[in-house]
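Only one structure is covered here, and it is reproduced in the block below.
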Number of protein chains: 2
Amino acid sequence: MTTSDWLEELQAERTGLGRASTAGRVADVLRTRITEGHLPPGTRLSEEDIGAALGVSRNTLREAFRLLGHERLLLHEFNRGVFVRKLTVDDVRDLYQLRRILECGAVRRAAERRRAGFSADRWVELLVPVRDAVEEGEAAAARDRWVEVGTANMHFHQAVAALAQSPRVTEAMGHLLAELRLVFHVMDAPQAFHQAYLPENRAILELLAAGELDAAESAMATYLDAAEAQLIDAYAAGPA
Amino acid sequence: MTTSDWLEELQAERTGLGRASTAGRVADVLRTRITEGHLPPGTRLSEEDIGAALGVSRNTLREAFRLLGHERLLLHEFNRGVFVRKLTVDDVRDLYQLRRILECGAVRRAAERRRAGFSADRWVELLVPVRDAVEEGEAAAARDRWVEVGTANMHFHQAVAALAQSPRVTEAMGHLLAELRLVFHVMDAPQAFHQAYLPENRAILELLAAGELDAAESAMATYLDAAEAQLIDAYAAGPA
DNA sequence: CTCTGAAGGATTGTTCAACAATCCGTCAAT
DNA sequence: ATTGACGGATTGTTGAACAATCCTTCAGAG
């Protein structure tokens, strides 16, 4: 192992170390609290109460609010406070429109690279995270760990987006999925919802591995159309 | 004019009025300052100096910094301060990867809608902003208003992205273009750069209007490939 | 009864001052 | 040339204070 290897590894860890900011940690706490569903959409987050509960000053807390506001998890209304984002049916449609563009686009871009000279080894290597996510979901379903099925499903789509090999696409997909979690909590049985798509994930993976890239892209498109319709139905029955 | 019309107009202006936040206005000032090139990439923004110059407190200024940081115009280094973002060649590649996915994806999504039953009137109506941007650029070029040619070019791509009719796609495109402005300033003659693509804009518009949507999408792809290569060349000659 | 308008309290927006933590450059010592 | 310590400067964070705004309540007019 040469010196440059050491330095490279250290540089990879640098982003993890920079997380020392108090506001950033507060944002992390609130983010998981929100995406896990403990804070229902519409809940008002009082600066004083939460600041006291977490032991941070109002100024620091406001910085955390800004962070989550830009991730669209919180809605900041001037002179009124911040609220857990409440998504409308139009928001769901918009999110899936963006998903179609991002995920199908990522598949398409990966396909173009593969056609433009890409070794077979490099291709399977690129698909490893996708395969991992698929198997993670199947294993979780076999053990009836429904919440893990849900997170595995997220991992699958995140991995697909990562096929574009674009940090910005990956980050946008991360924010998109976090926002979508707000939607999933309004469903009666989110477990069954995610589980139903496990075979689809497997099918798309196999299409990708086989190099059937156009088929993979259209499979993803119909996948997303179906999921969107199902979610919108749940919304029609529920709130909004 | 009915009552609902009145209310609709007022609601449209609401976003403009909500800009009463001091931090938001400070962010606006800094944003234009940065995108116009007055603050070169790498410049450090001292909290004390800028706070004194703009007459706002450090806390408010920090909120503005967070806003611009999330738009990637500023880079926030912990315990070191904020700097005007300095983009690397990899950033340029990433930005164009995202542009390909977003802009080509928007065209493709619009195409799918058009095929799935869309009146001809509705289609030309949808293309109005694109046509306006193209003509705005041509008019500016005819009068040798080079900076206006550049902004018209931005408007064109923003309008293309808006074909997806997705607020989130539109916003992402806006942030992307703002970030790209950081890149354009490193070129010797950004005017000529933008002017060269005016015929391409016109060609894509005509393909869209004629319903040649696949051709429009691939034309946009080659367009972006060429622009990316040109920018990367300029970067190789210049900094980083 | 409904609508209007005026207190009143509560919460947010913003500023200020202070201290701790960290970074950066300098300089001496090995 | 590298190391280590010192000191100034800047950021991170806190707490308190005041102004501005919102929400609720309530009384009065039509």
Side-chain angles (χ1 to χ4, degrees), chain A residues 3 6-7 10-11 13-31 34 39 41-70 73-86, chain B residues 3 6-7 10-11 13-31 34 39 41-70 73-86:
Chain A
T3 308
W6 281 79
L7 296 178
L10 283 182
Q11 191 164 18
E13 293 184 30
R14 201 173 59 178
T15 57
L17 291 188
R19 269 271 159 263
S21 158
T22 311
R25 274 174 301 166
V26 170
D28 289 342
V29 171
L30 293 178
R31 183 175 12 246
I34 294 170
L39 294 173
T43 305
R44 179 159 165 278
L45 272 53
S46 159
E47 294 186 354
E48 197 169 4
D49 296 350
I50 297 190
L54 273 66
V56 299
S57 95
R58 271 182 64 207
N59 287 321
T60 303
L61 188 61
R62 285 166 68 83
E63 286 204 0
F65 283 167
R66 295 280 172 161
L67 289 177
L68 297 173
H70 230 293
L73 293 182
L74 294 183
L75 180 61
H76 190 132
E77 296 191 26
F78 195 78
N79 271 325
R80 289 212 23 184
V82 296
F83 304 80
V84 179
R85 193 86 192 278
K86 190 186 293 184
Chain B
T3 308
W6 281 80
L7 297 178
L10 283 182
Q11 191 165 18
E13 293 184 28
R14 201 173 61 180
T15 57
L17 291 189
R19 271 274 159 262
S21 159
T22 312
R25 274 175 299 166
V26 170
D28 289 341
V29 171
L30 292 178
R31 182 173 16 245
I34 293 170
L39 294 173
T43 305
R44 178 160 164 280
L45 272 52
S46 161
E47 294 187 354
E48 197 170 8
D49 295 351
I50 297 190
L54 273 68
V56 298
S57 93
R58 270 181 65 206
N59 287 322
T60 302
L61 188 61
R62 285 165 69 85
E63 286 203 0
F65 283 168
R66 297 279 173 162
L67 287 177
L68 297 172
H70 234 291
L73 294 182
L74 294 183
L75 180 63
H76 189 132
E77 295 191 27
F78 195 78
N79 272 326
R80 290 210 28 190
V82 296
F83 303 81
V84 178
R85 193 87 192 278
K86 191 186 291 182

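Heavy-atom basis, side chains included; hydrogens, waters and symmetry copies ignored. Throughout, a chain's letter reflects where its sequence line sits, starting with A, and its residues are numbered from 1.
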Tabulate protein N/O versus nucleotide N/O from nucleotides 9-11 of chain C, keeping only pairs under 3.5 Å, one per line.
unit_1, atom_1, unit_2, atom_2, d
C/dT11, O3', A/Arg44, NH2, 2.4

- Does B/Arg62 come within less than 4.0 Å of A/Glu63, counting only side-chain N to carboxylate O? yes
- Taking the side chain as every heavy atom from C-beta outward, state whether B/His76 and B/Arg66 have any pair of such atoms under 4.5 Å apart. yes
- Task: Take the C1' atoms of the five end pairs on each side of the helix from C/dC1-D/dG30 to C/dT30-D/dA1, derive the two axes, and give their angle rounded to 10 degrees.
- Result: 30°
Can a side chain N or O of [X] be found less than 4.0 Å away from OP1 or OP2 on [N]?
X: A/Ser21; N: D/dG12; result: no
X: B/Thr22; N: C/dT14; result: yes
X: A/Ser57; N: D/dG15; result: no

- Message: Could you measure the distance from the CZ atom of B/Arg85 to the CG atom of B/Leu75? Nearest 0.5 Å is fine.
- Response: 6.0 Å
- From A/Arg31 CZ over to A/Leu67 CG, what is the distance, rounded to the nearest 0.5 angstrom? 7.5 Å
Could you list the protein-to-nucleotides 16-19 of chain D atom pairs, N/O on both sides, closer than 3.5 Å?
unit_1, atom_1, unit_2, atom_2, d
D/dA17, N6, A/Arg58, NH1, 3.4

- Task: Let me know the distance between CG of A/Leu61 and P of D/dT13, rounded to the nearest Å.
- Result: 12 Å
- Message: Without decimals, in angstroms, what is the distance between A/Arg66 CZ and C/dT12 P?
- Response: 13 Å
- Item | Closest contact, heavy atoms only, B/Ala27 versus B/Ala64 | N-CB, 3.9 Å
